[in-house]
Structures are given as structure tokens and as C-alpha cells.
Amino acid sequence: MKEFKRHLVTTALPYANGPVHIGHLAGVYVPADIYVRYLRLRGRDVVFIGGSDEHGVPITIKARQAGVSPQEIVDRYHALIKDSFERFGISFDIYSRTTSKIHHQTASNFFKTLYDNGKFVEKETEQYYDAEAHQFLADRYITGTCPHCGNERAYGDQCEQCGTSLNATDLINPKSTLSGSVPVLRATKHWYLPLDQYEPFLRDWILEGHKEWKSNVYGQCKSWLDLGLQPRAVTRDLDWGVPVPIKGAEGKVLYVWFDAPIGYISNTKELLPDTWEDYWKSDDCSMVHFIGKDNIVFHCIIFPAMLKAEGSFILPQNVPANEFLNLENDKISTSRNWAVWLHEYLDDFPGKEDVLRYTLTANAPETKDNNFTWKDFQDRNNNELVAIYGNFVNRALVLTQKYFDGIVPKIADLTDYDKETLAEIALIRANVENSLENFRFREGLKETMNLARLGNKYLADTEPWKLIKTDEARVKTILNVALQLAANMALLSEPFLPFSSARLKEMLHLPEIAWECIGNSDLLTSGHMLGEPFLLFEKIEDEDIEKQLKRLADTKVANEKNSFKASPAKSDISYDEFSTMDIRVGTVLEAAKVPKTDKLMKLLIDTGIDKRTIVSGIAAYFTPEELVGKQVCVLVNLAPRKLKGIDSQGMILLAEDADGKLVFVTPDQAVMNGVVVK
RNA sequence: GGCGAGGUAGCUCAGCUGGUUAGAGCGCAUGAUUCAUAAUCAUGAGGUCGGCGGUUCAAUCCCGCCUCUCGCUACCA
């Protein structure tokens with residue numbers, strides 16, 4: 001592995017419309033912080049960049065809902081996020097934000113450079129425009145009736161009732177959420193980054209040049225490249241963001257995914273106004289992006305293409321993306337409040353920052369999605385941190401206190417076993433280093449704990465509490481060795497457990513010692529006065545865990561209550577309008593799954609009028625066998641539509657339950673096919 | 001459906017380019033021990049390495065098919 005002069009470590013910018021939860025921590029911030037702390041301890045030149053992502057449509061919507069300005073929203077969450085990271089010991093060199101002046105300038109200049117060098121393609125498309133509010137509407141600003149489930153409050157990008165993703169133009173009766181007026185389609189011009197042109201470069205750089213990347217990252221990139229890249233719009237019609245810095249682009253801003261990664265550059269600039277280019281534009285700097293798997297394509301495909309287009313920046317050396325963390329066997333979800341929020345954890349478990357850091361690292365989703373449970377959190381604290389690490393330290397200190405008044409005793413003679421034990425430290429250190437250099441944090445942590453295990457074994461084998469009656473000189477040697485192990489543990493565990501490391505150093509009255517000294521057996525000199533022993537970790541009781549579990553159970557109950565709300569009645573219609581719908585009872589004659597789809601079923605229906613083909617999205621809930629012979633209600637005068645190449649002539653009526661399950665609306669006695677439903 | 005990642009002991013995970021009896025931590029059982037927050041130490045039980053085929057002298061590791069989980073994507077009148 002090439003030795004770099006400088007290191008630039010970035011973490012995904014959390015979106016400033018909500019607080020940070022354990023999923024963010026486990027996937028991005030904890031591993032990044034371990035890596036950075038390690039590099040610093042090795043004396044490497046490293047900058048650690050973080051910040052809030054504060055632009056984009058969801059923030060403007062949240063602001064509108066709360067009746068405040070977008071700035072107020074981002075101010076609130078930026079402050080909350082920044083503060084909780086700080087309390088949790090994520091050791092950013094800077095945690096800034098994309099609404100900063102310097103970011104606006106940087107992003108603006110970046111765009112301008114690409115524009116001036118002809119790196120963009122201009123395209124005109126038709127988008128909804130609100131004539132009353134005098135602006136184009138992002139998909140999220142348009143509501144209307146979902147063509148699938150009839151929800152009248154579906155958004156232009158997605159219906160939140162049935163989960164379908166939509167195009168704004170799909171909506172029935174579209175309405176602008178700004179003015180309530182009916183939007184009109186109008187042409188608008190945007191700039192696109194022609195990603196397709198960068199395909200050969202990306203292919204060579206990633207697929208040939210970075211085979212060492214994690215398999216999930218490499219595989220995802222390969223998948224994208226093999227599918228073929230499309231030009232992507234880098235601008236939007238919106239009034240919240242970085243204005244597009246060219247003439248004729250008034251009212252347009254940079255699309256949020258274009259401006260956000262530039263935030264890494266801006267924040268470095270803010271931190272190091274004079275020397276930032278040493279990190280961003282010098283081949284002897286290694287840049288590493290810590291992200292979650294949802295961000296792979298942005299950091300491995302799009303941002304590198306942007307950097308390449310600009311021309312003067314380096315590309316990331318690695319992008320160690322993690323998978324996702326689940327919570328108590330369920331997906332973490334901000335909207336469902338299914339999460340452990342960092343700021344709440346810090347309040348509920350004061351002084352236990354390292355317990356969460358430990359649990360999240362030991363169980364990090366490095367290779368696949370993992371599950372966080374409070375029981376596991378308690379077990380790892382009680383059985384590992386307390387029983388192995390804390391206990392060993394406590395034993396060494398308490399024995400020294402008891403026998404030698406807390407003064408590091410002098411070594412008489414080292415036995416072979418003593419020497420072997422001490423020699424083990426350097427081996428463990430090498431293993432930890434190797435793990436961390438290769439982004440294997442789980443493994444590094446386990447290795448670190450092996451040092452404490454070694455200490456416990458050493459004490460059990462040498463039994464100083466027995467020897468004290470017969471051979472005080474030997475006990476002095478034993479405790480000296482044990483204390484050296486404890487001191488080494490204080491140093492070795494620092495990247496992972498910085499708070500405990502500091503407390504242990506304090507307990508040992510250990511001065512600042514270089515990482516390279518780990519493995520030495522004279523970190524504490526004889527005659528050195530130790531501090532008062534206190535407990536490094538405390539047990540976590542069942543009631544603490546039960547409190548957290550109850551909170552989650554309450555959330556679940558609340559979610560179930562909220563999940564089903566009968567949608568409000570639609571506006572009145574006349575009988576004539578109703579009677580235009582021709583609904584008949586029909587019988588299913590044949591049913592077969594449509595190949596190459598998950599949900600579509602092709603049905604042949606005897607409507608009494610004729611026999612016709614209808615395609616319906618019910619394959620997930622019914623088998624063909626149970627459908628044949630069934631009587632159903634059919635809207636027969638719905639305009640035909642092609643689905644997967646099959647002409648669908650009508651619609652089967654179904655009721656969708658709160659959990660999405662579909663149920664037929666069917667006559668409760670057999671009737672003739674073709675009978676009218678009214 | 002397409003693509004990607006994953007399916008290894010009760011739980012969480014290792015297993016690097018195929019090679020002797022498949023490993024670790026936690027949990028469990030038994031024994032030892034009492035300096036220590038009943039904390040530790042030793043020993044042990046426990047796996048048809050998702051299923052079926054194939055390549056090979058030899059496959060957890062390579063190839064094909066199937067199946068389950070997660071993600072991206074298509075589809076839902």
C-alpha cells in the first residue's frame with residue numbers, strides 16, 4: 001500500500017431535516033472517526049471533514065409545513081446534529097454546512113468552470129409551472145390523486161399511501177401546493193452532466209484500478225457501468241439552494257446532489273483557506289469517503305465524474321461504504337420514528353458514549369445489513385466492556401493499591417512467561433494496525449479486546465493474591481507487568497473508545513505517549529504514583545434496557561394507530577357522473593402471471609358482454625388457481641391500456657387493506673355474468 | 001423480472017488467489033479460582049458451510065440451476 005503524505009477523510013453530509021440516529025453512526029461516523037483518530041495517533045497529516053447538507057426540496061417542504069423559513073429548519077437541525085456529534089466524540093476538524101457563504105461560492109465556481117469549459121449539455125423539457133406563484137414546481141410541490149390507489153394527497157414523485165413512485169404528470173387533478181392553483185406544463189431549460197462520456201474513464205479507474213474496494217461497492221459500480229450511464233440534470237427550478245451562476249438561469253439552483261459533495265471541498269477550504277489545495281489537488285494525498293450504501297453511486301460515479309470534468313482534483317482512494325443497520329429486526333425509519341436518536345441516547349446514557357461506540361463497531365454492518373438490539377447492547381457492555389476490559393484494569397489497579405499503596409512496583413526478574421506475555425502486545429498492535437489500514441474496524445476492535453483478555457489470563461495464571469503471602473518480590477514483578485498491559489490498553493483502545501482511554505490514562509496518571517510505544521514494557525516506570533482506581537465501565541441494568549424497549553413498543557403502537565386513517569371523502573359528484581362508470585360482475589376464466597414482473601397477473605374475464613383480457617397488479621396476493629372461477633366486479637368501460645405489452649381492457653375492483661393486502665369486491669351470492677353494479 | 005450484495009455453530013461474524021480433523025467472540029455445560037463490578041481462567045458440547053447438479057485428485061471457496069434476505073431498478077389503472 002502506497003504511503004501517502006496527507007489524508008483527507010470525508011463523511012456523508014447528514015441531511016438537515018432531522019436528527020442523527022444509530023444507523024448513521026454505525027455506517028459512517030463511528031468508523032470514520034476510528035480511522036481518523038488512528039491516523040492522527042500515527043502522526044499522519046489528516047483532515048476530517050463533516051457538515052450538514054442543507055439544500056433540496058424536502059427541507060423546503062418541511063419548512064412550509066412548519067410555517068417557517070427553510071433557513072430556520074436547517075439552523076435548528078444543523079445545531080442539533082453538530083452538538084450531538086461533538087458530545088459523542090466524532091472528532092471532525094470542521095463541521096460546517098452547505099448554506100455557508102464559502103460553500104455557495106465554491107459550488108458556484110465549480111459549476112461555472114464546468115460550464116465555461118463546455119462540460120454540460122443544455123436541454124429543454126416540459127415541467128409543471130405554477131402561474132400564480134410564478135415558478136416551476138418540483139415534483140414534491142405537486143399533489144393530486146394517485147392513479148393507483150385513489151389517495152387524493154399523493155405527491156408528484158411518490159404516493160405515500162400506496163408507496164408507488166410516480167411522475168408528476170401521472171397525477172390526476174394535479175394541484176400546486178404553493179398556491180393551490182392548477183399547474184400548467186411549460187418548457188424549461190436545464191444543464192446536464194453527460195455521464196455517458198465518462199464511462200470509459202470510470203470503467204478503467206474503478207473496474208481496473210480499484211479491485212481492492214469492498215465487494216458491495218465494486219459490485220454496485222460495475223452494475224451501474226454495465227447498465228450504461230445517462231446524462232443527469234445538475235440544475236433545478238427552485239428558490240432554495242445555490243443559484244446557477246449564468247445569465248438566463250434566474251430562478252434556478254444547483255441540484256442538491258451536485259452541490260452537496262462539493263461541500264467537502266468548501267468545508268476544507270473554510271478550515272484551511274491557504275493550504276486546502278494540498279489535500280484536494282495533490283497526488284500524495286489519500287482521499288477516503290465514508291458513506292452508507294445508498295450513497296455509493298454518488299461517490300463512486302457522479303462525484304468522480306464531476307471532479308474529472310473539472311480536471312484539477314484528485315479522486316478518492318477508497319469508498320468504504322457500509323450496509324444498513326436495522327433496529328430490533330425492523331428497518332430504521334425517520335418518518336416512522338423507528339430509531340435510536342443520538343441526542344436522546346446521550347441524554348439517557350450520560351457518560352456511556354463509548355458503550356454505543358463499542359456496540360456499533362462490534363456489530364457494524366461492514367459486509368451485510370446488521371441488527372441492533374438493546375439486549376445485545378446490554379450484553380456487550382456487561383459481558384465484554386465491564387467483564388473483560390473494565391475488570392482487568394480494575395484488578396490490576398486494586399491489587400496495586402492494596403499491596404503497594406498505588407505505587408508502580410519494581411520488576412525483579414522477568415520469567416519466560418512474563419516475557420511472552422509482554423511480547424504479545426506488539427503482535428496485537430500489528431494486527432490492529434493492519435485491520436484499521438484495511439477498514440476492518442470490527443476486526444480491529446476484537447483484536448484490541450484481546451489485549452485485555454491477555455491481561456485477565458495473565459493474572460489468573462500468575463495468581464499474585466496467593467503469592468503475596470510468600471513471595472512479595474514476585475508479586476511486584478507481576479503487578480508491574482499487569483500495569484504495563486493496562487497502560488498499553490489505554491493507548492491501543494484510544495481510536496475505538498476515546499472517552500474510556502482518557503479515563504484510564506487519568507487513572508494511571510499516564511502522560512502522553514506515542515502510538516509507536518505500544519508494545520513497550522516500560523510505559524509506567526517503577527515508583528510512579530497511580531491515581532485512585534474507579535470503575536471504567538458500569539453494568540447496565542435490565543430496567544434501563546426495558547425503558548428503551550418500551551419506548552420502541554410505544555412507537556410501534558402509535559404507528560399502527562396512525563398507519564390507517566380513512567382517507568377524507570372526495571368531493572360530491574352527480575348521479576350522472578357516477579352512472580358513467582359501467583361496473584359489471586364477471587367471472588375469471590383464466591389466470592396467469594405475467595412473465596418478468598412481480599405483481600402483474602393476466603386474467604381472462606367473462607363479463608357477460610364479452611370475454612376480455614385484463615392485467616391486474618395482484619400476483620403478490622393470489623395464485624392463478626384460486627382466481628379461476630371467482631366472480632369479481634369489473635369496470636368495463638375504462639379506456640384500454642397496454643401493460644408489459646398486453647392490452648388491458650378494464651379494471652378489477654379491489655379493496656386495499658391498511659397493510660397493503662388486496663381483497664376482492666365480490667358478490668356475496670353467485671349472480672349472472674354481466675349484471676350491473678350500481 | 002433485471003442488476004448488485006448476502007445466506008458458515010443458539011446469536012454476531014472470520015475464513016486472503018480451492019488442499020490435512022471448518023475458526024473467533026458472546027451464550028450454554030462442566031471444572032478451577034476468589035484479587036476483581038458473581039467479574040475471571042480452563043475444558044467441552046454444538047455446524048450435511050441455504051438446496052441440487054457440475055468442473056477437479058480435492059470445493060465453504062470455481063461454474064450452472066433453484067431458494068430465502070437486503071438494496072437499486074422495472075412493473076401496479
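In what follows, chains are A, B, ... by sequence order, proteins preceding strands, each numbered from 1. On a predicted model such as this, the values are computed, not experimentally measured, just so you know.
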Return the set of residues passing salt bridge (charged side-chain N to carboxylate O under 4.0 Å, His left out) with K457(A) (not counting sequence neighbours), or none when no residue passes.
D461(A)
Does a side-chain N or O of K402(A) approach OP1 or OP2 of rA36(B) to a distance below 4.0 Å, or not?
yes
Report the distance from atom CG of L479(A) to atom P of rC35(B), rounded to the nearest whole Å.
13 Å
Expressed in whole Å, how much space separates the C1' atoms belonging to rA45(B) and rG10(B)?
12 Å
Using a 4.0 Å heavy-atom cut-off across all strands, classify K539(A) as base, sugar-phosphate, or nothing.
base
How about Y35(A) and F290(A): are their ring centroids closer than 6.0 Å?
yes
Please check if the number of heavy atoms outside E212(A) that lie under 6.0 Å from its CD is greater than 12.
yes
Ignoring hydrogens and angles, write down the donor-acceptor pairs under 3.5 Å from the side chains of residues 377-389 of chain A, residues two or more places apart or on other chains.
residue: Q378(A); atom: NE2; partner: I540(A); partner atom: O; Å: 3.1
residue: Q378(A); atom: NE2; partner: D542(A); partner atom: OD1; Å: 2.8
residue: D379(A); atom: OD1; partner: K375(A); partner atom: NZ; Å: 2.9
residue: D379(A); atom: OD2; partner: K375(A); partner atom: NZ; Å: 3.2
residue: R380(A); atom: NE; partner: D376(A); partner atom: OD2; Å: 3.3
residue: R380(A); atom: NH1; partner: E384(A); partner atom: OE2; Å: 3.4
residue: N381(A); atom: ND2; partner: E538(A); partner atom: O; Å: 2.9
residue: N382(A); atom: OD1; partner: I540(A); partner atom: N; Å: 2.9
residue: N382(A); atom: ND2; partner: I540(A); partner atom: O; Å: 3.1
residue: N383(A); atom: ND2; partner: D379(A); partner atom: O; Å: 3.4
residue: E384(A); atom: OE1; partner: Y358(A); partner atom: OH; Å: 2.6
residue: Y389(A); atom: OH; partner: S493(A); partner atom: OG; Å: 3.0

Check the orientation of W374(A) and F372(A). Use parallel for under 30°, tilted for 30 to 60°, and perpendicular for over 60°.
perpendicular
Could you tell me whether D544(A) and K539(A) have a side-chain N and a carboxylate O separated by less than 4.0 Å?
no
So Y218(A), base contact, sugar-phosphate only, or nothing? Heavy-atom distance under 4.0 Å.
nothing
Would you mind checking if D606(A) and R612(A) are paired as a salt bridge, meaning a charged N to carboxylate O distance below 4.0 Å?
no
Count the heavy atoms of every other residue, nucleotide or ligand shown that sit under 6.0 Å from OH of Y255(A), and state whether that count exceeds 12.
no
Does NZ or CZ of K214(A) come closer than 6.0 Å to the centre of the six-membered ring of F439(A), within 45° of the ring's axis?
no
Just how far, in rounded Å, is C1' of rC26(B) from CG of D376(A)?
9 Å
Can you tell me how far C1' in rA29(B) sits from the matching atom in rG46(B), rounded to whole Å?
11 Å
Sticking with atom P, work out how far rG47(B) lies from rA24(B), rounded to a whole angstrom.
15 Å
Short heteroatom pairs, N/O only, protein and nucleotides 65-72 of chain B, under 3.5 Å:
residue: rC70(B); atom: O2'; partner: K293(A); partner atom: NZ; Å: 3.2
residue: rC70(B); atom: O2'; partner: D369(A); partner atom: OD2; Å: 2.5
residue: rG71(B); atom: OP1; partner: K331(A); partner atom: NZ; Å: 2.2
residue: rG71(B); atom: OP2; partner: K331(A); partner atom: NZ; Å: 3.3

RNA chain B: stems of at least 3 consecutive Watson-Crick or G-U pairs, cut-off 3.5 Å?
B:1-7 with B:67-73, B:10-13 with B:23-26, B:28-32 with B:40-44, B:50-54 with B:62-66
Give every pair of a protein N or O atom and an N or O atom of nucleotides 27-32 of chain B that lie under 3.5 Å apart, one pair per line with the distance.
residue: rG27(B); atom: OP1; partner: N383(A); partner atom: ND2; Å: 3.2

When you check the phosphate oxygens OP1 and OP2 of rC76(B), does a side-chain N or O of S616(A) lie under 4.0 Å from one of them?
no
Determine the interatomic distance between C1' on rA9(B) and the same-named atom on rG18(B); round to the nearest Å.
23 Å
Expressed in angstrom and rounded to an integer, what is the separation of N382(A) atom CG from rU40(B) atom C1'?
15 Å
Considering only atom C1', compute the distance from rC11(B) to rU73(B) and round it to an integer number of Å.
34 Å
L459(A) CG - rC35(B) C1' separation (whole Å):
8 Å
Rounded to whole Å, the CG-P distance (N295(A) to rG4(B)) equals 21 Å
Could you tell me how far rC66(B) sits from rG7(B) if I compare only their C1' atoms? Round to whole Å.
14 Å
Is L535(A) touching bases, backbone alone, or none of the nucleic acid, heavy atoms closer than 4.0 Å?
base
Measuring only the C1' atom in each nucleotide, how far is rC75(B) from rA58(B)? A whole number of Å is fine.
46 Å
I need the CD-C1' distance between E366(A) and rA14(B), as an integer number of Å.
11 Å
Taking N or O atoms only and anything under 3.5 Å, show me the protein contacts with nucleotides 22-25 of chain B, one pair per line.
residue: rA24(B); atom: N3; partner: K446(A); partner atom: NZ; Å: 3.4
residue: rG25(B); atom: O3'; partner: R453(A); partner atom: NH2; Å: 2.9

Is the shortest distance from a Lys or Arg side-chain nitrogen in R429(A) or E433(A) to a carboxylate oxygen in the other one below 4.0 Å?
yes
Mind checking if L536(A) touches a base, just sugar-phosphate, or nothing, with heavy atoms under 4.0 Å?
base
Check whether the ring centres of Y458(A) and Y417(A) lie less than 6.0 Å apart, and answer yes or no.
yes
Could you tell me whether the phosphate oxygens of rA14(B), OP1 or OP2, come under 4.0 Å of any side-chain nitrogen or oxygen in T367(A)?
yes
Within the 4.0 Å heavy-atom criterion, would you say V297(A) contacts the bases, only the backbone, or no part of the nucleic acid?
nothing
Using atom CG of L385(A) as one end and atom P of rU40(B) as the other, report the distance to the nearest whole Å.
12 Å
Could you walk me through whether T415(A) and D418(A) pass side chain to side chain donor-acceptor pair (under 3.5 Å), step by step?
CA-CA 5 Å; T415(A) 65; D418(A) 296 343; 3.3 Å; yes
Does a sphere of radius 6.0 Å around NZ in K602(A) hold more than 12 heavy atoms from other residues, nucleotides or ligands, not counting ones at 6.0 Å or beyond?
no
When you compare rG51(B) with rU60(B), how far apart are their P atoms, in angstrom units rounded to a whole number?
11 Å
Return yes if some donor-acceptor pair links the side-chain N/O of R584(A) with the main-chain N/O of T607(A) below 3.5 Å, else return no.
no
Quickly work out the F392(A) CZ to rC41(B) P distance and round it to whole Å.
11 Å
Which part of the nucleic acid does K466(A) contact within heavy-atom distance under 4.0 Å: base, sugar-phosphate only, or nothing?
sugar-phosphate
